[in-house]
Protein chains: 2
Amino acid sequence: MAREDERTRNAPSARLYRHVIDVLRAEIEGAVLRPGDRLPSEKRLVERFNVSRLTIREAVIGLEILGLVEPRHGSGVFVRSNRVTQAAQAGSLDIGPVELIEARRIVEVQTAALAALEATDEQIAAMRDILADMDKEERAEGSAEWIADRVFHLAIARASQNAVLAMMVEAMWDLRRRSPLSHEMLERIARAGQTPRIADHHRILEAIEKRDPAAARRAMRAHLDRVMADLLDFTELEAKERVSTEIAHRRETARRRAAL
Amino acid sequence: MAREDERTRNAPSARLYRHVIDVLRAEIEGAVLRPGDRLPSEKRLVERFNVSRLTIREAVIGLEILGLVEPRHGSGVFVRSNRVTQAAQAGSLDIGPVELIEARRIVEVQTAALAALEATDEQIAAMRDILADMDKEERAEGSAEWIADRVFHLAIARASQNAVLAMMVEAMWDLRRRSPLSHEMLERIARAGQTPRIADHHRILEAIEKRDPAAARRAMRAHLDRVMADLLDFTELEAKERVSTEIAHRRETARRRAAL
DNA sequence: TGCGGCAACTCATCAGACAAGTCAATGCAG
DNA sequence: CTGCATTGACTTGTCTGATGAGTTGCCGCA
């Protein structure tokens with residue numbers, strides 16, 4: 001009961017190895033230590049950080065689990081290269097929007113088909129109302145459009161008559177809201193996107209009304225594929241920008257090294 | 001290529017703390033240790049695993065970085081609670097086992113296919129270990145077989161390299177445990193079932209090892225279809241029994257009333 | 001020159017010690 | 001009897017020193 005309060009009160013864990021991890025991580029990510037490089041030996045790190053070898057060891061293990069580093073017995077500790085695996089290996093705290101859409105596609109395509117089979121007349125009527133509201137709101141202010149979006153998709157999930165699937169869909173939308181990364185990005189895309197989401201939604205509802213699972217599945221898939229495509233376009237644009245700054249940075253590094 | 005095999009085969013080269021992490025992680029994810037619980041003290045873990053306290057400490061740090069656990073100085077190491085699971089807990093309706101299997105079928109069939117595409121060699125090796133443990137445990141005591149089951153399916157979900165899907169799968173297994181209805185029923189079926197789950201699991205892993213998404217999808221689908229079939233058989237049987245006891249009860253009541 | 005073997009260096013693990021934080025039971029003062 | 005301070009057992013955090021085992025490079029020998 002009071003357990004939760006205690007936990008929140010528990011101040012920032014001031015464990016020593018945390019500090020060492022933070023510093024080394026910064027150096028790895030800041031390209032001071034580059035992939036393939038060997039970290040200074042434990043002995044030297046002891047001198048540098050003024051802590052015992054144990055603490056250094058703990059920090060190295062932390063970095064290993066984060067996927068940043070790979071100790072080799074008898075040889076040294078080496079910086080890992082693959083960025084993708086390192087993100088996957090760490091218990092990635094923030095959820096990527098691509099993952100989210102991919103997961104939604106898997107679950108919601110099926111819920112749409114099930115809903116076409118099993119939705120009650122009341123549920124279909126409710127969906128119709130929601131869509132009508134969305135039409136109206138779109139003309140008014142698009143500030144919180146995603147809320148209506150969420151409600152619509154949740155209504156479909158509930159109409160699948162499977163409480164577990166409904167929970168999953170709800171959880172995924174919650175995830176989106178909780179993850180700053182995903183939420184902001186998807187929000188911006190939705191705002192800027194030319195995607196006729198409303199038309200997508202109408203097509204989905206239409207298929208459900210006709211009790212046509214195949215059509216419902218198709219419509220939902222098309223919808224989420226479009227969202228994903230928008231997302232990837234957007235990501236690509238952003239990535240290109242990042243790449244050019246990255247390359248600029250590498251060029252600078254090479255110049256400095258050549259000057260020696 | 002042959003090096004990969006050597007490395008995976010080379011079990012002793014795996015650091016000790018890895019093993020401790022794997023076991024404790026399995027217990028946390030298998031819900032032997034539940035959120036808020038305190039882990040055994042380092043001293044007791046030393047005795048249990050027959051390693052030094054240093055190794056235990058390293059494992060605890062690993063679990064901490066994975067976000068599974070939270071050490072509190074002077075008090076103990078506590079299991080953290082999962083966010084998605086908590087959300088699911090809020091809507092505390094009881095979940096039917098049929099719904100659960102249906103939802104799992106939708107999600108896990110796809111995670112298996114994705115895992116066949118994207119699993120790292122380490123992840124595949126881990127799955128192999130889990131299956132080997134299951135083989136051993138099956139011969140010993142079948143008390144907590146479902147824990148290994150859960151861990152295996154979770155490993156696949158994680159190998160899909162989609163954190164959202166992994167969360168969903170984890171949440172569904174938590175749902176199962178939390179729902180007395182589902183848990184007990186599925187447990188009994190597993191115990192009594194003639195289903196060669198082990199063989200199913202081996203087929204799934206084999207497909208993933210071969211990097212064959214279609215086969216993985218097929219194997220997982222077959223597996224869950226079998227579980228579903230067992231469940232339905234069992235439900236039918238139980239329903240029939242209930243009917244006969246019901247009728248027996250009515251007969252008794254009628255007799256008593258007639259005796260008046 | 002070529003190669004085996006040795007030595008130095010690395011990580012991996014163990015054992016024991018002490019500091020510091022937590023928590024509950026105990027005992028004393030009011 | 002109640003409330004509060006103390007104490008003591010238990011826990012994690014950190015340090016020290018020692019041994020084992022794998023890697024690597026150098027040196028001397030053939």
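A quick note: this is a predicted structure, and the numbers were derived from the prediction, not measured. Chain letters run A, B, ... following the sequence lines, proteins first and then strands; every chain starts at 1.
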B:Arg38 side-chain proximity, nearest of D:dT12, C:dT13, D:dT11: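 For the B:Arg38 side chain, the nearest candidate turns out to be D:dT11.
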B:Leu165 side, atom CG; A:Leu100 side, atom CG - distance, nearest 0.5 Å: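 Here the rounded value is 9.5 Å.
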Establish, from distance only, whether the side-chain atoms of A:Glu102 and B:Gln161 form a donor-acceptor pair under 3.5 Å. no
Side-chain heavy-atom pair A:Leu24, A:Glu27 within 4.5 angstrom cut-off: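 Answer yes - side chains close enough.
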Over how many whole Å does the gap from [X] atom [atom1] to [N] atom [atom2] extend?
{"X": "B:Ile61", "N": "C:dT13", "atom1": "CD1", "atom2": "P", "answer": "14 Å"}
{"X": "A:Leu16", "N": "C:dA19", "atom1": "CG", "atom2": "P", "answer": "16 Å"}
{"X": "A:Glu42", "N": "D:dG17", "atom1": "CD", "atom2": "P", "answer": "16 Å"}
{"X": "B:Arg57", "N": "C:dC14", "atom1": "CZ", "atom2": "P", "answer": "15 Å"}
{"X": "A:Leu63", "N": "C:dC11", "atom1": "CG", "atom2": "P", "answer": "13 Å"}
{"X": "B:Glu58", "N": "D:dT14", "atom1": "CD", "atom2": "P", "answer": "14 Å"}
{"X": "A:His73", "N": "C:dC11", "atom1": "NE2", "atom2": "P", "answer": "9 Å"}

Between B:His223 (side chain only) and B:Ala219 (backbone N and O only), is there a donor and an acceptor less than 3.5 Å apart?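 Not at all, since once roles are kept as given, no pair shorter than 3.5 Å links the two residues.
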Backbone of A:Arg53 reached by a side-chain donor or acceptor of A:Glu42 within 3.5 Å: no
Would you say B:Ser75 reaches D:dT11's phosphate, i.e. side-chain N/O to OP1/OP2 under 4.0 Å?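 Looking at the OP1 and OP2 atoms of D:dT11, neither is under 4.0 Å from any side-chain N or O of B:Ser75.
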Residues from residues 43-56 of chain B sitting under 4.0 Å of DNA chain C, heavy atoms only?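 Of all residues in residues 43-56 of chain B, the ones placing a heavy atom under 4.0 Å from DNA chain C are B:Val51, B:Ser52, B:Arg53, B:Leu54, B:Thr55.
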Can you tell whether the side chains of [X] and [Y] come within less than 4.0 Å, N to carboxylate O?
{"X": "B:Glu47", "Y": "B:Lys43", "answer": "no"}
{"X": "B:Arg211", "Y": "B:Asp121", "answer": "yes"}
{"X": "B:Asp22", "Y": "B:Arg25", "answer": "no"}

Fit a plane to each ring of B:His201 and B:Phe152, take the angle between them on a 0 to 90° scale, and name the class: parallel (under 30°), tilted (30 to 60°) or perpendicular (over 60°).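 Taking B:Phe152 first and then B:His201, their aromatic rings sit tilted (interplane angle of 30° to 60°).
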Atom pairs, protein N/O to nucleotides 5-7 of chain D N/O, distance under 3.5 Å:
none

